[in-house]
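All values below come from the heavy atoms of this structure, side chains included, with hydrogens, waters and symmetry mates left out. Per chain, numbering begins at 1; letters A, B, ... match sequence-line order.
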There are 2 protein chains.
Amino acid sequence: MVVFAAQGDPRRTMALLWRGPDAAQARPGPRPTLSVAAIIEAAVAVADAEGMAGLSMRAVGEALGRTAMALYTYVADKAELLDLMYDHVHGELVADALDDWRAGVTAWAWERWEFYLRHPWVLHVSMARPVLGPKELDSAERLLRVLRPAGLPAPVVVGVMSELTYLVQGAAAVVNDSRRAARETGQSDEEWWYARSAELIEVAPGFGERYPLLTWVQSNKEINESEPYMEQEARVSFEVGLGVLLDGIAVRAN
Amino acid sequence: MVVFAAQGDPRRTMALLWRGPDAAQARPGPRPTLSVAAIIEAAVAVADAEGMAGLSMRAVGEALGRTAMALYTYVADKAELLDLMYDHVHGELVADALDDWRAGVTAWAWERWEFYLRHPWVLHVSMARPVLGPKELDSAERLLRVLRPAGLPAPVVVGVMSELTYLVQGAAAVVNDSRRAARETGQSDEEWWYARSAELIEVAPGFGERYPLLTWVQSNKEINESEPYMEQEARVSFEVGLGVLLDGIAVRAN
DNA sequence: ACCATCTCCTTATAGCGTAAAGTGACCGGG
DNA sequence: CCCGGTCACTTTACGCTATAAGGAGATGGT
């Protein structure tokens with residue numbers, strides 16, 4: 001369900017992204033009862049609540065008391081709407097440079113973490129054809145400002161920027177997917193894991209001999225029962241991974 | 001389009017994964033003309049060629065000269081088929097420990113890179129409810145063997161393992177998505193980028209002043225015309241990111 | 001007042017996973 | 001040797017998706 005930038009009329013989409021909707025001048029025909037902004041807001045609400053799979057033109061229209069087709073007066077198609085949604089929510093991101101690049105990168109990473117948990121559908125928008133809206137570009141520029149105090153050369157900065165993004169997105173995706181799985185199947189992480197490991201032992205006897213290292217890392221985990229299993233797993237991996245990555249950056253800093 | 005493990009009868013799926021199909025004993029009724037193995041093979045071929053979005057029960061059935069419904073004699077549903085496909089292709093992965101952990105991790109990473117470019121649909125299978133098939137677990141155990149010579153404590157190993165996976169998957173996803181976009185839109189990376197940057201300049205004058213750091217990193221790129229733009233971008237980011245991460249691991253090694 | 005124009009609706013199409021029911025081939029027991 | 005139970009496979013159908021096409025009705029400029 002990865003989706004690309006609108007292909008119908010990129011110029012139109014870019015104008016909507018950068019100039020906002022055209023000023024309403026008096027014209028024949030009934031007065032519009034919706035607006036691009038209202039549609040974006042409703043669509044974000046639907047996507048936040050129902051996920052990317054639940055984001056349908058019908059659902060957005062219904063949230064606004066209209067039919068699906070009514071939306072096509074305001075946006076070219078679903079891909080354009082998604083571009084607008086994507087750039088819109090990037091306005092929530094504000095992390096900027098701190099004197100200490102390490103503190104700055106850490107703050108940036110946690111802001112992103114929260115952001116992707118708040119808007120899981122954003123992870124399903126492809127980065128292969130970036131939207132290039134103002135809010136997305138603003139947030140990219142700010143990440144570069146955050147990294148600047150480390151004094152890395154340009155090619156390394158680009159690589160590190162991508163890597164940080166992949167790390168947060170990958171870990172956040174695990175949390176999002178496990179929450180969705182728990183909701184859709186009615187089975188919590190713990191219930192799922194308990195059932196699966198029982199089956200695994202049954203069907204694969206001699207697990208400990210065949211997988212000594214998996215058994216080793218698994219047995220060395222401290223489990224906090226107050227947090228769903230996969231969420232804790234992903235969050236701790238994120239923290240550790242971020243620390244290792246920061247150490248790697250430090251090697252090349254200054 | 002992220003998909004989870006089969007939920008209908010996990011025990012059945014686990015048996016298929018670990019024991020293979022049951023031995024065929026003579027029974028009334030017409031002889032089967034298909035097999036789970038043949039269906040998996042055909043489904044992988046369809047998914048490799050058409051992507052996750054093109055993987056439909058109808059398409060797989062057609063590839064085998066049958067209807068979609070014929071498959072349901074062999075697999076419980078599409079989710080179970082996907083689990084079987086997922087574990088099956090993990091049999092292609094063979095990277096194992098080398099004396100030098102750095103060389104070992106590098107070899108592992110590039111094997112994964114090629115793997116995800118060969119099977120783009122694998123990136124759309126969620127890690128929140130792992131399949132837990134033998135081939136997937138074998139490859140996880142081997143990654144742990146690759147990392148062992150670095151002598152990291154167990155919690156760090158888990159974090160690093162996830163981080164390496166997120167890095168390869170994230171970068172490979174960009175390549176896969178850009179190839180798919182080029183195929184579906186008939187517009188190469190270069191054509192797309194050229195058109196979009198022209199629109200960007202038109203709609204956002206003063207780009208250089210508003211985005212000095214983006215302008216800086218962009219102008220410091222060497223572009224090799226023989227490789228599609230986004231692919232080169234992703235591959236170079238992957239190389240650089242991997243190097244930085246290895247440096248970070250080295251800080252904690254021994 | 002009229003008409004061009006615009007918003008919004010209804011209808012229709014092709015494709016998805018899969019439930020339900022029908023067809024006919026095959027094997028073991030009488 | 002044939003018959004009844006069983007199984008492979010097909011057809012049909014349902015509700016879901018994005019969106020093309022065309023119609024209804026409201027509005028502002030002339």
Chemist: For the residue pair B:Glu41 / B:His88, report whether a side-chain donor-acceptor contact shorter than 3.5 Å exists.
Modeler: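 Short answer, no.
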Chemist: Under 4.0 Å between any heavy atoms, over every strand shown, what does A:Leu71 touch: base, sugar-phosphate, or nothing? Just pick one.
Modeler: nothing
Chemist: Return yes if a side-chain donor-acceptor contact under 3.5 Å exists between A:Arg66 and A:Thr33, otherwise no.
Modeler: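 A:Thr33 and A:Arg66 do have a side-chain donor-acceptor pair below 3.5 Å.
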Chemist: Assess whether a salt bridge exists between B:Lys135 and B:Glu92, defined as any Lys/Arg side-chain N lying under 4.0 Å from an Asp/Glu carboxylate O.
Modeler: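 A salt bridge is absent here (no side-chain N lies under 4.0 Å from a carboxylate O).
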Chemist: Quick one: A:Glu50 CD to D:dC16 P, roughly how many Å, whole number?
Modeler: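 Whole-Å distance recorded here is 14 Å.
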Chemist: Could you state the CD-P distance from A:Glu62 to C:dC9, rounded to the nearest angstrom?
Modeler: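 Rounded to the whole Å, the gap is 12 Å.
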Chemist: Please report, rounded to the nearest Å, how far the C1' atom of C:dT7 is from the CG atom of A:Leu64.
Modeler: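 Result: 14 Å.
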Chemist: Please report the distance, rounded to the nearest Å, between CG in A:Leu82 and C1' in D:dA18.
Modeler: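 One finds 14 Å between C1' of D:dA18 and CG of A:Leu82, rounded.
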Chemist: Which part of the nucleic acid, if any, lies within reach of B:Ala70 when heavy atoms closer than 4.0 Å are counted: base, sugar-phosphate only, or nothing?
Modeler: base
Chemist: Could you check whether B:Tyr72 and B:Asp77, counting side-chain N and O atoms only, form a donor-acceptor pair closer than 3.5 Å?
Modeler: no
Chemist: Side chains of B:Tyr166 and A:Gln169: do they bring a donor and an acceptor to under 3.5 Å?
Modeler: no
Chemist: Only counting residues at least two apart or in another chain, list the ones meeting side chain to side chain donor-acceptor pair (under 3.5 Å) with A:Glu231.
Modeler: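 A:Arg179.
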Chemist: Using heavy-atom distances to pick each residue's nearest nucleotide on DNA chain C, tell me which of B:Met57 and B:Arg31 is more 5'.
Modeler: B:Met57
Chemist: Have a look at the helix from C:dA1-D:dT30 to C:dG30-D:dC1 and give the angle its two end axes make, five pairs each, rounded to 10 degrees.
Modeler: 30°
Chemist: Parallel, tilted or perpendicular: which fits the ring planes of B:Phe238 and B:Trp110, with parallel below 30° and perpendicular above 60°?
Modeler: perpendicular
Chemist: Going by an N to O cut-off under 4.0 Å, is there a salt bridge joining A:Glu141 and B:Arg210?
Modeler: no
Chemist: Do other residues, nucleotides or ligands put more than 12 heavy atoms under 6.0 Å from the CD atom of B:Gln218?
Modeler: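 Yes, CD of B:Gln218 has more than 12 neighbouring heavy atoms, counting only those of other groups under 6.0 Å.
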Chemist: Given C:dC8, is OP1 or OP2 found less than 4.0 Å from the side-chain N or O atoms of A:Arg66?
Modeler: yes
Chemist: Mapping B:Met69 and A:Gly54 onto DNA chain D by nearest heavy atom, which one lands closer to the 5' end?
Modeler: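 The residue mapped nearer the 5' terminus is B:Met69.
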Chemist: C:dC8 phosphate, OP1 or OP2: any side-chain N/O from A:Tyr74 under 4.0 angstrom?
Modeler: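 Yes, because at least one side-chain N or O of A:Tyr74 sits under 4.0 Å from OP1 or OP2 of C:dC8.
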Chemist: Starting at atom CZ of A:Arg27, determine the distance to atom C1' of C:dC3, rounded to an integer number of angstrom.
Modeler: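 To the nearest whole Å, that distance equals 17 Å.
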Chemist: How many angstroms lie between atom CD of B:Glu190 and atom CD of B:Glu227, to the nearest 0.5 angstrom?
Modeler: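 It comes to 9.5 Å.
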Chemist: Please list, by residue number, the residues of residues 38-46 of chain A whose heavy atoms come closer than 4.0 Å to an atom of DNA chain C; answer none if no residue qualifies.
Modeler: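 DNA chain C contact set from residues 38-46 of chain A: none.
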Chemist: Would you say A:Thr33 places a side-chain N or O within less than 4.0 Å of OP1 or OP2 belonging to C:dC8?
Modeler: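 So the side-chain polar atoms of A:Thr33 do come within 4.0 Å of the phosphate oxygens OP1 or OP2 of C:dC8, strictly under.
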Chemist: Expressed in angstrom and rounded to an integer, what is the separation of A:Tyr72 atom OH from C:dC6 atom C1'?
Modeler: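 So the OH-C1' distance, A:Tyr72 to C:dC6, works out to 19 Å.
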Chemist: Just the rounded figure in Å: distance from C1' of D:dT19 to CG of A:Leu81.
Modeler: 14 Å
Chemist: D:dT10, OP1 or OP2 - any side-chain N/O from B:Thr67 closer than 4.0 Å?
Modeler: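 Yes, because at least one side-chain N or O of B:Thr67 sits under 4.0 Å from OP1 or OP2 of D:dT10.
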Chemist: Is a donor-acceptor pair below 3.5 Å formed from side chain B:Arg58 to base C:dG17, judging by atom type as modelled?
Modeler: yes
